[in-house]
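As the structure is a prediction and not an experimental result, all values here were calculated from the model.
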Amino acid sequence: MKDIVLLYDGCCVYEIVILNYFLNFTGSQVQFCSLGQDTIRSMEGYSMNVDVHLEDVDLEHVRSFIVPGGTVKNIDSPSVLETLRTLTDRGTLVAGICAGVDILDKSGILEGRRSTHSTEEDWVRDGNIITARANAYVDFAIETAKALGLFADEQDLQETIDFWKHYRRMQ
């Protein structure tokens, strides 16, 4: 099963860097996808190569679909909205942060669910959907990793929280 990260011109990479670290560190099959571009330029100015175009993603083999924030008008397309609906209906984990939540909302998958659009919370998990505000990128990464079962046990989870959220040095 693959973890798909939707990249696009103007996306905010900093919001998903820790989550991508967790995914790669645990040997997850991460693929960066786009709406047809082979290279994108992030909001921070990074030029990034894409592994697959959205139209070529086999949705049957997607474990999670991650939507970072940024200039989301660049992904406001029928194919993205339909992909989000299809994956949500299948029970696939869908996670959006910052303006990425706007696209989740526009697709209709947040209707009747708690999210950062319907609460004052910095991050919310409601079933198979995770939403977060930009400042909650550490919580977003940890909650998404928890939902994907990336932590070996409770001690691994707590050590991760201590290091990434509480800035405690590890031995």
Close side-chain approach of His117 to Asp102, heavy-atom, < 4.5 Å: yes

Those residues that, when tested against Lys165, pass side chain to side chain donor-acceptor pair (under 3.5 Å) (two or more places apart): Asp139

Atom pair CE (Met43) and SG (Cys98), whose distance is rounded to the nearest 0.5 Å: 8.0 Å

Of all pairs that satisfy ring pair (Phe, Tyr, Trp, His ring centres under 6.0 Å), the ones with a partner from residues 34-61, not counting sequence neighbours: none

Side-chain donor or acceptor of Thr88 paired with backbone N/O of Arg85 under 3.5 Å: no

Test ring pair (Phe, Tyr, Trp, His ring centres under 6.0 Å) applied to Tyr137 - qualifying residues, sequence neighbours left out: Tyr14

Step-by-step salt bridge (charged side-chain N to carboxylate O under 4.0 Å, His left out) determination, Arg114 to Asp126: CA-CA 6 Å; Arg114 291 179 62 249; Asp126 187 333; 5.8 Å; no

4.5 Å side-chain heavy-atom contact, Met48 and Cys11: no

Rounded distance [0.5 Å steps], CG in Leu6 versus CZ in Phe65: 4.5 Å

Leu84 side chain reached by Ile129 side chain, heavy atoms, under 4.5 Å: no

Considering all heavy atoms, the nearest Val50-Ile40 contact: CG2-CG2, 4.0 Å

Residue pair Glu15 / Ile97: nearest heavy atoms and the distance that separates them: OE1-CG2, 3.6 Å

Residues which pass side chain to side chain donor-acceptor pair (under 3.5 Å) with Thr119, listed by chain and number, not counting sequence neighbours: none

Side chain proximity check, Ile75 to Val67, heavy atoms < 4.5 angstrom: yes

Sidechain-backbone polar pair: Thr26 side chain, Leu23 backbone, donor-acceptor under 3.5 Å: yes

Nearest heavy-atom neighbours spanning Gly100 and Val72: N-CG1, 3.9 Å

Pairwise distance CG(Asn24) to CD(Gln29) - rounded to 0.5 angstrom: 11.5 Å

Min side-chain heavy-atom separation Ile103-Asp76 under 4.5 Å: yes

Check: Asn49 and Phe32 side chains under 4.5 Å, non-hydrogen atoms: no

Arg63/Asp3 under salt bridge (charged side-chain N to carboxylate O under 4.0 Å, His left out): CA gap, chis, key distance, verdict: CA-CA 5 Å; Arg63 177 173 74 158; Asp3 298 295; 2.7 Å; yes

Contacts of type ring pair (Phe, Tyr, Trp, His ring centres under 6.0 Å), residue Tyr21, not counting sequence neighbours: Phe25, Trp164

Partners meeting side chain to side chain donor-acceptor pair (under 3.5 Å) with Ser42 (sequence neighbours left out): Glu44

Side-chain heavy-atom pair Ile142, Leu157 within 4.5 angstrom cut-off: yes

Side chains of Thr160 and Phe22 in contact at under 4.5 Å (non-hydrogen atoms): yes

